[in-house]
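So that the names make sense, note that chain A is the first sequence line, chain B the second, and so on, each numbered from 1.
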Amino acid sequence: MPETRTIADLAVEVRSKNAGPFWVTMEVFLRDQAGYELVSFLDAPVIARLYGVDPAGVQIFRVPALNVVKVSFPRPVSQGSLRDRDIHAGQHHVPLARLPITGLRSS
Amino acid sequence: MTEVRILAPTGMLGAGFPPETVTRGLELGADVIAVDGGSTDSGPYYLGSGTAKTAAAAVTQDLRLLLKAAASARIPLIVGSCGTSGTDSGVDWVAGIAREIMAAEGLDLRIAVIYSEQHASDLDLRRIRPLPPAGPLDPATLADCTHIVGMMGHEPIVAALEGGADVVLAGRATDTAIAAAVPLMRGLPPGPAWHAAKIVECGGQCTTNPRAGGVLATIDEHGFTIEPLDPDNTCTPQSVAAHMLYETVNPYSMREPAGTIVVSEAAYSAVDHRRVRVEGSRFEPAEQHTIKLEGARVTGYETMSFTAIRDPHILGQIDTWAALLRKMIGEWVTRALGLGDGDYEFDLRLYGYDAILDGIEPDRSPPKEVGVMLLVRAADQATATAVAKVVNPLMLHLPTPDMDYLPSLAFATSPAETERGAAYEFVLNHAVDVDSPTALFRIHRLEATDA
């Protein structure tokens, strides 16, 4: 096992997508309840730091029945504009998936 | 007990589906075929230009199978958001394809089209409200839009069906309205009707094998049951519940023109190994009926150029190289063309290094090769292309500061520059209060003599 466990290590799937032209949304599908509880540290300030967005705009939904944490925030770059490098926002889950777990939990 | 069975063959008209899955849906007693023809998901170009993302041949293939299925079973076919963005041109495009197919196949079906395009001058600014995260609407923004569409609910579709249509080709509609229309028209409760419509909006996306074709939802007084059309495919409580997460901001509630779908109390249970029962969905009617507006405007004209680097020496200092390139682009463009910052904009992307995530890229280890994309935007195409051409020698030969010779980098194409034409952006994230859910939409019955 690698030294630092990441969210991806606990998840079946981590994905991101546009939710309309003005929002991005992402979901972490945890393998089990234990993993679901380990990511309880995910909150608006953590997401805001990770994605460089305003914490006030970050919405977090927990779906215990599916062991899912869902994160939505306004798209930082207008869809399809000169500086939009991910038209469907389909690759923006990666910073979340790579987020370490152990360091945050053991302290 | 009243039941309505919705056949959702695919997530998008033109995406394709196995023909036998539609046959299977008819055998299961489908009452309506509903299919989405569009989305904003692929960006503002399609609304801005009023053109479709899908190929005419692919739409023709899907539509032929669906028109023949609808005719043979004598059930309605509903297509929403025709031509990707639901502009009037998109509706006319799909209607033209449908008429060709009907003529070729000898089908006698009554088509109604529903136009959803709005003229800026017809919209009442006092009744337009921003949706988060948008701010108040500047009237100039409306006037700048090349196309504005209103997103219809089920009501105009129901009106077209009650007017005798066999086939409804709708402009911009909510993904759910096309599937909810018939169950609501037949008097089924709105909670199950809307929730089922949301679950089937992407065809097989709510199954364990989304590539195996669409689904059939059976709606009744108490809830709905969903099953895949392919007998070998399965729906599980997890696969169905998880679809409420897909492309939604909030997984528990979704706004429609007439109210809000609330699924926080919904229970998903397995009927057997491949069918799922859902009960407990609610629909909360809104006090004020609202129509969401979508609009796009031209932001300029773009030219793209793409070169690539394999030399490990340059890749070892790719950030330094890119910073130098950015600085020299400004200098060379000013020197050669006399243009300053406000005259053009560019985006320089290092594919293979940090292009996709840019400032939030967590891994900046040295890459093996890098594709360098230059995207230039200016007020006109000639200026954008002139900038890209002036930058061309830099993208061919720029060394790192410590090199005392000129490298030659790997352009991907000749000519290096590709003119992308007009670039667009979505500018409306607003809803307009309306007195009638059908007021902004125009329903036309196509006659056999219409050209």
Side-chain angles (χ1 to χ4, degrees), chain A residues 6 12-13 15-29 47-54 56-63 65-100, chain B residues 39-48 131-134 237-242 244-254 264 266-268 292 294 296 299-300 302 344-351 354-363 373 375-377 423-429:
Chain A
T6 63
V12 180
E13 183 185 359
R15 69 183 186 188
S16 62
K17 198 79 196 283
N18 294 329
F22 299 97
W23 288 79
V24 57
T25 190
M26 42 193 91
E27 290 102 33
V28 182
F29 292 82
I47 296 298
R49 276 198 302 278
L50 198 57
Y51 285 94
V53 296
D54 180 358
V58 176
Q59 298 187 29
I60 299 202
F61 303 93
R62 297 181 201 277
V63 191
L66 298 173
N67 290 321
V68 165
V69 177
K70 181 175 173 71
V71 175
S72 300
F73 53 83
R75 229 176 178 286
V77 179
S78 172
Q79 190 195 8
S81 67
L82 183 68
R83 296 186 202 291
D84 183 18
R85 279 102 171 278
D86 189 1
I87 301 286
H88 296 77
Q91 289 293 299
H92 272 68
H93 59 291
V94 173
L96 180 59
R98 287 175 54 102
L99 196 60
Chain B
S39 168
T40 58
D41 203 35
S42 297
Y45 172 80
Y46 304 101
L47 175 60
L131 301 171
Q238 288 73 23
S239 74
V240 174
M244 278 309 290
L245 305 167
Y246 190 67
E247 294 179 342
T248 56
V249 171
N250 182 326
Y252 295 121
S253 76
M254 273 185 66
S264 46
Y268 303 77
K292 191 176 173 193
E294 292 173 344
T299 55
E302 289 183 354
Y344 72 103
E345 276 191 275
F346 71 90
D347 195 35
L348 188 71
R349 308 173 178 188
L350 304 177
Y351 282 95
D354 68 351
I356 299 169
L357 296 176
D358 198 16
I360 57 168
E361 171 58 58
D363 177 3
M373 180 189 285
L375 203 52
V376 181
R377 186 179 71 196
Y424 299 87
E425 67 177 345
F426 286 116
V427 287
L428 297 182
N429 186 28

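- Among all heavy-atom pairs drawn from G80(A) and P44(B), the shortest one is CA-CD, 3.9 Å.
- Ranked by heavy-atom pairs under 4.5 Å with chain A, the list A134(B), S42(B), P237(B) is led by S42(B).
- Summarising the geometry of R349(B) relative to L82(A), their closest heavy-atom pair is NH2-O, 2.9 Å, with the distance given to 0.1 Å.
- Pairing each heavy atom of I356(B) with each of R85(A), the nearest pair is O-CB, 3.8 Å.
- Contact record, K70(A) with T248(B): NZ-O, 2.7 Å, taken as the closest heavy-atom pair.
- P132(B) places none of its side-chain heavy atoms less than 4.5 Å from the side chain of F22(A).
- Scanning all heavy atoms of the two residues, the minimum distance from L245(B) to R15(A) falls at CB-NH2, 3.9 Å.
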field: Stepwise side-chain contact (heavy atoms from CB on, under 4.5 Å) test for Q238(B) and L66(A)
entry: CA-CA 7 Å; Q238(B) 288 73 23; L66(A) 298 173; 4.2 Å; yes
field: Chi angles and distances behind the side-chain contact (heavy atoms from CB on, under 4.5 Å) call for D41(B), K17(A)
entry: CA-CA 9 Å; D41(B) 203 35; K17(A) 198 79 196 283; 2.9 Å; yes
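- Note: E345(B) leads M373(B), E345(B), R377(B), E294(B) in heavy-atom pairs under 4.5 Å with chain A.
- Atom CD of Q79(A) sits about 5.0 Å away from atom CZ of F426(B), to the nearest 0.5 Å.
- Using a cutoff of 4.0 Å between basic side-chain nitrogens and carboxylate oxygens, D358(B) and R83(A) are not scored as salt-bridged.
- Residues Q91(A) and L357(B) come closest through the heavy atom pair O-CD2, 3.8 Å.
- Across L50(A), V24(A), D84(A), N18(A), the residue that shares the most heavy-atom pairs under 4.5 angstrom with chain B is N18(A).
- When H92(A), M26(A), Q59(A), R75(A) are compared by the number of non-hydrogen pairs under 4.5 Å with chain B, H92(A) comes out ahead.
- Under the rule for a ring-ring contact (aromatic ring centres under 6.0 Å, His included), the partners of Y268(B) that lie at least two apart in sequence or sit in another chain are H195(B).
- Partner P21(A) forms a side-chain contact (heavy atoms from CB on, under 4.5 Å) with one of N429(B), T40(B), L428(B) and no other, that one being T40(B).
- Taking the ring-ring contact (aromatic ring centres under 6.0 Å, His included) definition, one finds that Y45(B) meets it with Y424(B), sequence neighbours left out.
- One distance of note links OG of S253(B) with CZ of F61(A); it measures 7.5 Å at 0.5 Å rounding.
- Of all the listed residues (A423(B), G359(B), A355(B)), the one sharing the greatest number of non-hydrogen pairs under 4.5 Å with chain A is A355(B).
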